[in-house]
Amino acid sequence: MTRGIFIAGNESALSRAIEAETTNRVEQFAAAYIPNRLAGAVKNSTSETPKRLSLEWNPSSPISARTLVLAAENRLEHIDEAILICSPPSVRCKAADLSFSDVEIMLNDHIKGWFFLIKELISVFNNRRRGSLVLVYPDIPPIQSRDEAADILGQPALASFRTMTQSLLSSAQNEAYTTMAFSTSDAGNETAFASFLYKSLDESSKRSNGKLHKFGKFNLFK
């Protein structure tokens, strides 16, 4: 049976590395990325590959989340592993200078959107009584110079995803599907992280359910 891999998240170094590793393992996979709609943002630059089945996603819409999961199932025949990558864009400015539209975008696309999508994936996995929900995020303290404004929106979005991940891991043993999480504290080593992620998935067992796998110089084997 063909391995059905669905990737969703932010266009980033993490997602590019995971996509590259995925292309070495399957003939086709489905992927959907959050459009970068922030003021002054550069359009997503993810290059097309013959193996990727690109799907449209409006993260702010619960209907779009349902449609996305159905589309992924139709294109792949089934979703065995859903790899969700949260690496939100930084928005560095003073609170008084915040754009109202950027606040709405970050809330809708980078916080609410994950709840909508995960709810739909869980429904599919529960119905099939199998599947793997794989949650990925960077665990790197933001670097900020003395004269630079803090990341006022990106970090709260990441914190929300991290908290949701912890909640899903804590209840994983009671579910019909598997939940695993991966974090990396090693910026610039995304290729090795992607290899580590898939090696962990390939070797996963019942004991892996509900586990957070940490990758980095000091926690690779934790």
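Note: hydrogens, waters and symmetry copies are ignored here, and every other heavy atom, side chains too, is used. In this chain, residues are counted from 1 in sequence order.
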For the pair Ser90 and Asp151, evaluate side chain to side chain donor-acceptor pair (under 3.5 Å) and give the outcome as yes or no after the intermediate values. CA-CA 6 Å; Ser90 298; Asp151 180 5; 3.3 Å; yes
Taking it one step at a time, do Met180 and Lys211 satisfy side chain to side chain contact (heavy atoms under 4.5 Å, CB included)? CA-CA 5 Å; Met180 301 170 66; Lys211 183 176 180 180; 5.8 Å; no
Steps toward side chain to side chain contact (heavy atoms under 4.5 Å, CB included) verdict (Ile85, Tyr137): CA-CA 6 Å; Ile85 308 162; Tyr137 61 89; over 6 Å; no
Between Arg25 and Asp202, is the salt bridge (Lys or Arg N to Asp or Glu O under 4.0 Å) condition met? List the steps. CA-CA 11 Å; Arg25 295 169 178 272; Asp202 292 343; 2.5 Å; yes
Would you sort out whether Glu56 and Leu68 count as a side chain to side chain contact (heavy atoms under 4.5 Å, CB included), showing the intermediate values? CA-CA 7 Å; Glu56 294 294 323; Leu68 173 62; over 6 Å; no
Candidate pair Leu168 and Ile122, rule side chain to side chain contact (heavy atoms under 4.5 Å, CB included), full reasoning: CA-CA 10 Å; Leu168 290 166; Ile122 287 175; 4.0 Å; yes
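To the nearest 0.5 Å, atom CG of residue Leu153 and atom CG of residue Leu158 are 12.5 Å apart.
If you run side chain to side chain contact (heavy atoms under 4.5 Å, CB included) between Leu133 and each of Ile83, Ile118, Thr178, Ile79, only Ile118 comes through.
By the 4.5 Å heavy-atom criterion applied to side chains, Met106 and Ile111 are not counted as neighbours. At a threshold of 4.5 Å between non-hydrogen side-chain atoms, the residues Pro59 and Pro35 count as touching. At least one side-chain heavy atom of Ile7 sits under 4.5 Å from a side-chain heavy atom of Ile5.
Cluster membership check: Phe116 does not share its hydrophobic cluster with Leu107, using side-chain heavy-atom separations under 4.5 Å among Ile, Leu, Val, Met, Phe, Trp and Tyr.
Remark: Trp114 pairs with Trp57, Phe161 by the ring-ring contact (aromatic ring centres under 6.0 Å, His included) rule, at least two apart or across chains.
For Gln173, the CD atom sits in a packed shell: over 12 heavy atoms of surrounding residues, nucleotides or ligands are nearer than 6.0 Å. Taking a 6.0 Å sphere around CZ of Arg162, one finds it holds more than 12 heavy atoms contributed by other residues, nucleotides or ligands.
Between Arg16 and Glu11, at least one side-chain nitrogen of the basic residue sits less than 4.0 Å from a carboxylate oxygen of the acidic one, meeting the salt-bridge criterion. A salt bridge links Asp109 to Arg37: one of the charged nitrogens lies within less than 4.0 Å of a carboxylate oxygen.
One side chain, Tyr198 or Thr22, offers a donor N or O that lies under 3.5 Å from an acceptor on the other. Side-chain contact, Asn58 with Ser60: a donor N or O sits under 3.5 Å from an acceptor N or O.
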